[in-house]
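The block underneath contains the structure these notes are about, expressed in structure tokens.
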Amino acid sequence: MEKVAESSLIRRCCCSSSIKFNYNDAENTGSAIMLSRAIGLLLLALLAAITYASDERRTYIVHMDKTKIQHFEHSTAESPKRWSEAVLDSLQKSTAKAEEEDRHQQESSPQLLYTYETTMTGFAARLSNKQFQSLDKVEGILLAAPDELLSLHTTYSTHFLGLEPDRGLWNLTNLASNVIIGVLDTGIWPEHYSFQDSGFPPPPSRWKGICEQGTNFSSSNCNRKLIGGRAFFKGYEAINGRIKETNDFRSARDSNGHGTHTASTAAGDVVPNASLFGLANGFASGMRYTSRVAAYKVCWAAGCATSDILAAIDQAVADGVDVLSLSLGGLPRPYHRDSMAIASFGAVQQGVLVSCSAGNSGPIRSTVGNMAPWMMTVGASYLDRSFPTKVKLGNGKKFRGASLYSGKKTKQLPVVYKETAGGTGAELCLNGSLSSRLVKGKIVACDRGINSRTQKGETVKEAGGAGMLLLNTVNQGEELFADAHVLPATTLGAKAARAIKSYLALNKSLTASIAFKGTKYGERAPVMAAFSSRGPSLVDPNVIKPDITGPGVNILAAWPPITSPTGLKSDKRRVLFNIVSGTSMSCPHLSGIAALIKSAHKDWSPAAIKSALMTTSYTHDNKGAPIVDAFSPNGTNYATPFAFGSGHVDPERASDPGLVYDVAAREYLNYLCGLNYTTQQLALLSRSNFTCSKGTDHQPSDLNYPSFAVIFPAKSRKTTFTYKRIVTNVGSARSSYKVRVSAPKGVSLIVTPQVLKFKSLGQKQIYRVSFTGSRGGVASGRWFFGSLTWVSGKYSVRSPIAATWQ
């Protein structure tokens, strides 16, 4: 058995997935009962094996070998839930007996929190350290890992994406089909206009979900649009104690806003005249606004417990969702030690497309999360809409910024910064760091970092400041976040920040004014967000991640009416829509678009849908230039596939991609064979007796993925690798595709054959690509990029190439 040490908390936003539900009741019910029996016996065995234990207990996620369950005592007719309760009763009795033998040491009984049976095999339980160590003695345990807390990682974006009423993917026939999107997040505000059910027929008969009773939430809060609501908090409460219901709802109801925002982005109904303080005014709509929504609340004040997330994924698939959207994640780790990757693979096995956020740790290299090849990993980029400000300095210089403050411009006021504003921490505008005597009636310059952007504004306002210049550091580059500040304030890029600081160092009497310009359209877009996490993956560089990018900056979507737009307690403003940024926002865009593709092509697999989205994406902006990176000053650096994956999503083209790269579940397992996974590690994902074929040279490069990552040995002057791909014709029955290649620096390509001819829909063709790398003048460790495109008439099926020498 493998054990995983406890890690520190990770903070990240976004994931979503699309599921085609195919559930065999008879087979799965039997295995569920046997699983519960096996879990019971395992917990009993744990207690029997222990003489002494520490008082400290924590939650562990335990993965079991499904094939070993049959060796345990045969199942009873009790349901899994009733059986678990019986197990806990018997454990309590055994504990009492052990305490009689040693009155000086008390052993707390193992506490079962969840049983996982649909997408993975195992359970979550509260165990003492001694009990955890004793798992080594129990047959059938594959992996035990401590629970951890993860963190969370749209009006006009539909127009920007080319979705138009009564046309293409938004035609009435396509929108009429039943698609259910499951959103794992902070819950939902059920009464919001975005979730009204006017004109919706009853939910599909295959739907098995419910609306759970909880704090201020019941079945009456659901309707024909919002058809499910559940809350998962056993793991969270085991770590943090009982949820304070004065701060949050112990139910599927959302008090944070994040879950309501993401759910409406993916599937919110059309709402006219949506805006934030009059900004971004227009129709608010989810990507597939006629989808049903099922909300699974897994995130609370201090984060999202992995054990709760796994239970929600398991339940969502059993309920019958078609799309799962998860805007959250943790540290990258090998797939056999990544419980979210394991559960997501189980969902994919049952026809579920899992779409996840890439994370918000950019522009730092190799920070991308949720990078399993069966997940759709989504980066974040800008729309062509902005909320500009103009900052005019007393020395005549002018700078452009961004803000959601909607009041009047400020007067020309003195600017204070650092020691001229207060004491220790004044440059960051930390709570209590500013001097009212120094900042009253003035504009305070604040560096980004430590506390939130809006908290800095709150600190300035409480100290009597009249405005704030929020200064980007080198790491944030020219990224311009727009925030609903509580006072006149604006974000400025790193270049402007350097100019202001340089002037202040020479002349303490700088003045400035801030003017707010409202909403502007037609900006250069898309532009990659600097915060969007980047590849290559340090865990698995054999696949280019992220897969794709979509709108994730300054996105307007639904918001709970009890929550301020800033989340600050001092902010008494209340809104129905809010503007937020993050890969948490781009993820539900792709989740909803995946649901649109699912509507148009009901028989497509998750891999086929992802392939269609990737190969039809674009890499040039609305000005005809390559997509740039917001991190770079003045847009001087172009973004790469390690920022945007295959490119920016193009929904209408994705609905008719011409060719798709399909991948069956077994092919992912063969891929893991190429990564030298052991039989035990494979069992975690396969939940079967799958073994790597003897005599077969499995190579990661043969995974039928819509992109190519080529890693040449650094010590070799010239090396050739050959990759195999299979494409399926989903375009014109009789068609011919010619290949076009753009080779990365130092690499030559030979594609065989160079023409693919099809005679019918569904026909498959194999092609091979030989990559030859020559080290001459190419630095080791650097990545170079190119592309391979199959072209036939209106179809252009593009795959990115990334190559390096290591």
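Any value given below was found using the heavy atoms of this structure, including those in side chains, with hydrogens, waters and symmetry copies removed.
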Q) What do the steps show when you test Ser532 against Arg534 for side chain to side chain donor-acceptor pair (under 3.5 Å), and what is the final call? A) CA-CA 6 Å; Ser532 189; Arg534 311 301 168 95; 5.1 Å; no
**Q.** Neighbour count above 12 (heavy atom, 6.0 Å) for Ile562 CD1
**A.** yes
Q.
Looking at Tyr193, I'd like to know if its OH atom is crowded, meaning that more than 12 non-hydrogen atoms belonging to other residues, nucleotides or ligands lie closer than 6.0 Å.
A. no
Counting only N and O atoms by type, is there a donor-acceptor contact under 3.5 Å from the side chain of [X] to the main-chain atoms of [Y]?
X	Y	result
Thr215	Phe249	no
Thr459	Gln455	yes
Thr265	Met585	no
Trp300	Tyr236	no
Thr186	Gly259	yes
Asn578	Pro565	yes
Lys456	Gly449	yes
Tyr296	Gly228	no
Lys225	Ser194	no
Ser403	Thr490	no

Any side-chain heavy atom of [X] sitting closer than 4.5 Å to one from [Y]?
X	Y	value
Phe217	Cys211	yes
Asp197	Leu226	no
Asp147	Arg58	no
Ser564	Arg574	yes
Val271	Phe577	yes
Trp207	Ile227	yes

Q: Can you measure from SG (Cys222) to CD (Glu212) and round to the nearest 0.5 angstrom?
A: 10.0 Å
Q: Please say which of Val575, Asn554, Thr519, Asn281 ends up in a side chain to side chain contact (heavy atoms under 4.5 Å, CB included) with Leu276.
A: Val575
Salt bridge or not for [X] and [Y], using N-O below 4.0 Å?
X	Y	value
Asp248	Lys297	yes
Glu479	Arg448	no
Glu191	Arg253	yes

Q.
Given Asp319, which partner from the list Lys208, Arg230, Arg206 fulfils the salt bridge (charged side-chain N to carboxylate O under 4.0 Å, His left out) test?
A. Arg230
(Q) Could you walk me through whether Thr491 and Arg453 satisfy the side chain to side chain donor-acceptor pair (under 3.5 Å) test, starting with their C-alpha distance in whole Å, then the side-chain angles of each, then the deciding distance to 0.1 Å, before giving a yes or no? (A) CA-CA 9 Å; Thr491 301; Arg453 300 184 300 274; 5.3 Å; no
**Q.** Candidate pair Thr549 and Ser381, rule side chain to side chain donor-acceptor pair (under 3.5 Å), full reasoning
**A.** CA-CA 6 Å; Thr549 189; Ser381 45; 3.1 Å; yes
To check you understand the geometry: which heavy-atom pair defines the closest contact between [X] and [Y], and what is its length?
X	Y	answer
Val486	Lys461	O-NZ, 3.4 Å
Arg385	Ile555	NH2-CA, 4.3 Å
Asn370	Met340	OD1-CE, 3.7 Å

(Q) Classify the ring geometry of His261 against Trp559: parallel below 30°, tilted from 30° to 60°, perpendicular beyond 60°. (A) perpendicular
